[in-house]
Amino acid sequence: MSDSEDLIHIGEPGSAHDIGVYGAPRPAVPEPVPMAPRTKGCASGAGSLGAVEPGEFRRLPPWLKIQLPGSGDYSETRALLKEKRLVTVCEEARCPNLGHCWARGTATIMILGELCTRRCGFCAVAPGRPNGFVDWDEPRRVGEAVAAMNLRHTVITSVARDDLKDGGSTIFAHVIAEIRKRSGTVIEVLIPDFRGHADDLQRVIDARPEVINHNIETVERLHPIVRPSARYDRSLELLRRVVESGTGIKAKSGIMVGLGETDPEMTRTLEDLRAHGCQLLTIGQYLRPSKMHLPVVEYVHPDRFAAWRDEALALGFESVASGPLVRSSYHADLLAGTVKPGEASKAD
């Protein structure tokens, strides 16, 4: 998709809803696409996941046992999200920590729909063609839900929206503004790379969230397989721009392991992130969502996660969460320093 393609527009020209959409004019109705195996590398042969059969599932080790949902504020959180017609990445990405986090009364809200324009080999979020559809009432509903949840720290993420000329950054800015109207919560956004468009990133920076998170996901060698629509250097550049914006916004990133990366490659990735100013880091185990996704090469032992945490802290990261079940938004309030160990995630 190139900038030279025809554009259609949503809403009245010149209005806040005037966002360019790539492609020929079509009804703004999201279309799922048939699921196809996401287990192969790129045509260049770059990257390797090791000798694991595409249909093979590995038996989970004991340290990857998860807690079933149902306790604490789980039911209340679920009911509120349903009432506001909001989507969570907890559900869409099949996060193993859903029960734990919802029981704490926290959830990561996913904006801009349920269909992603990319087909990353690791991700359980459904691919599709959103066709320029934007729910302009969504920011208000998100703001109301965040106020009702009474959180001290809120995480907002989205699918990739490469069909939109602004990459979805306008909606991110509106969501942040609607939350600010109703809550004093710390706002963390987990954003796509906006295809490297600096203006789109700046739109999010100008909305002034306290944390901007963008996951590097994996080592450079594996990017063509794991993230074929993304680029290692582009993700690093995004983090650098956040840090150099002069706004004091913290830059955060995350890495999945178990895809065939080596320890030297992990060291280089940690060094690259620090060299580009990344301050907060998560490292977690890749878990295969289905046989249509990339196979797990290795279930990494908790001792190696501890070693990577120590290595990252020695490189100068402010805070690191590293463990088999760690995900990008896992205990985000603790990682960012919004709350201290033992403190409640909800405001008084």
Checklist entry - Is M110 reachable from W136 through a run of hydrophobic residues whose side-chain heavy atoms are each under 4.5 Å from the next? => result yes
Next on the checklist: To check you understand the geometry: which heavy-atom pair defines the closest contact between G168 and F194, and what is its length?
Outcome noted: C-CE2, 4.5 Å
Next on the checklist: Are the side chains of R221 and T218 in contact, using a 4.5 Å heavy-atom criterion?
Outcome noted: no
Item to check | Ion pair check, R268 and E265, cut-off under 4.0 Å | outcome: no
Next on the checklist: Ring-plane angle category for H223 and Y232, please: parallel below 30°, perpendicular beyond 60°, tilted otherwise.
Outcome noted: perpendicular
Item to check | Contact summary for F172 and T157, nearest pair of heavy atoms | outcome: CZ-C, 4.0 Å
Checklist entry - Only one of E188, K346, E210, H331 clears side-chain hydrogen bond (donor to acceptor under 3.5 Å, both in side chains) with H153; which? => result E188
Checklist entry - Taking all non-hydrogen atoms of both residues, which atom of N215 and which atom of S235 are closest, and how far apart? => result O-OG, 4.3 Å
Checklist entry - If only atom types and distance count, is the side chain of S253 paired as donor or acceptor with the main-chain N or O of H214 below 3.5 Å? => result yes
Item to check | M256 reachable from L190 in the ILVMFWY side-chain graph, under 4.5 Å edges | outcome: no
Item to check | Gap between atom CZ of R129 and atom CG of D162 - 0.5 Å precision | outcome: 14.0 Å
Next on the checklist: If hydrophobic clusters are built from ILVMFWY residues whose side chains come within less than 4.5 Å, do V296 and L325 share one?
Outcome noted: yes
Next on the checklist: Can you tell me how far apart CG (L315) and CZ (F317) are? Round to the nearest 0.5 Å.
Outcome noted: 6.5 Å
Next on the checklist: Donor-acceptor check, side chain of S329 to backbone of T108, threshold 3.5 angstrom: yes or no?
Outcome noted: no
Checklist entry - Atom CD1 in I179, atom CD1 in I187: separation rounded to 0.5 Å? => result 4.5 Å
Checklist entry - Can you tell me if Y22 uses its side chain to pair, donor with acceptor, with the backbone of N131 under 3.5 Å? => result no
Checklist entry - Checking R161 side chain against L112 main chain: does a donor-acceptor pair fall under 3.5 Å? => result yes
Next on the checklist: As a quick check of understanding, evaluate side chain to side chain contact (heavy atoms under 4.5 Å, CB included) for N213 and L280, giving each step before the final call.
Outcome noted: CA-CA 9 Å; N213 183 359; L280 310 177; over 6 Å; no
Next on the checklist: Could you tell me if the side chain of T267 sits less than 4.5 Å from the side chain of E311, heavy atoms only?
Outcome noted: yes
Checklist entry - Between T262 and V219, does a side chain to side chain contact (heavy atoms under 4.5 Å, CB included) hold up when you go through it step by step? => result CA-CA 9 Å; T262 66; V219 300; over 6 Å; no
Checklist entry - If you measure from the Lys or Arg side-chain nitrogens to the Asp or Glu carboxylate oxygens, is any gap between R141 and E178 under 4.0 Å? => result no
Next on the checklist: Does L164 form a side chain to side chain contact (heavy atoms under 4.5 Å, CB included) with V21? I'd like the steps, not just the answer.
Outcome noted: CA-CA 5 Å; L164 299 177; V21 179; 4.0 Å; yes
Checklist entry - Between T185 (side chain) and L151 (backbone), is there a donor-acceptor pair under 3.5 Å? => result yes
Item to check | Partner of I156 by side chain to side chain contact (heavy atoms under 4.5 Å, CB included), out of I111, I191, I171 | outcome: I111
Next on the checklist: Looking at every non-hydrogen atom in both residues, tell me the closest pair between T338 and R152 and how far apart they are.
Outcome noted: CG2-O, 3.3 Å
Checklist entry - Between H276 and E237, is there a donor-acceptor pair closer than 3.5 Å when you use the side chain of the first and the backbone of the second? => result no
Checklist entry - What distance separates E144 CD from K181 NZ, expressed to the nearest 0.5 Å? => result 10.5 Å
Checklist entry - Any side-chain heavy atom of P192 sitting closer than 4.5 Å to one from S158? => result yes
Next on the checklist: According to a hydrophobic-cluster definition based on side-chain heavy atoms being under 4.5 Å apart (Ile, Leu, Val, Met, Phe, Trp, Tyr only), do V339 and L335 belong together?
Outcome noted: no
Item to check | Heavy-atom closest pair, residues C123 and P289 | outcome: C-CG, 4.4 Å
Checklist entry - V204 versus I212: any side-chain heavy-atom pair under 4.5 Å? => result yes
Item to check | Close side-chain approach of L259 and E261, heavy atoms under 4.5 Å | outcome: yes
Checklist entry - Under the 3.5 angstrom rule, does the side chain of D193 hit a backbone N or O of R195 as a donor-acceptor pair? => result yes
Checklist entry - Passes side chain to side chain contact (heavy atoms under 4.5 Å, CB included), L281 versus I283? Steps please. => result CA-CA 7 Å; L281 179 68; I283 306 174; 4.0 Å; yes
Checklist entry - Hey, does the side chain of S328 reach the backbone of G254 with a donor-acceptor pair shorter than 3.5 angstrom? => result no
Checklist entry - Counting only N and O atoms by type, is there a donor-acceptor contact under 3.5 Å from the side chain of R327 to the main-chain atoms of Q285? => result yes
Checklist entry - Any side-chain heavy atom of V146 sitting closer than 4.5 Å to one from I109? => result yes
Checklist entry - Once you round to the nearest 0.5 Å, how far does NZ of K252 lie from OG1 of T282? => result 6.0 Å
Checklist entry - Do I176 and L238 belong together in a cluster built from hydrophobic side chains that touch within less than 4.5 Å? => result yes
Item to check | Pair R203 + D199: basic N to acidic O under 4.0 Å | outcome: no
Next on the checklist: Check whether R118 reaches the backbone of R227 with its side chain - one donor and one acceptor, N or O, closer than 3.5 Å.
Outcome noted: no
Checklist entry - Considering only heavy atoms from C-beta outward, does the side chain of V155 approach that of V211 to under 4.5 Å? => result no
Checklist entry - So how far is it from D206 CG to S169 OG, rounded to the nearest 0.5 Å? => result 10.0 Å
Next on the checklist: How close do V320 and A312 get, counting heavy atoms only, and between which atoms?
Outcome noted: CG2-CB, 3.8 Å
Item to check | Residue pair L287 / Y299, side-chain heavy-atom distance below 4.5 Å | outcome: yes
Checklist entry - In terms of side-chain geometry, is the basic nitrogen of D263 or R304 positioned less than 4.0 Å from the acidic oxygen of its partner? => result yes
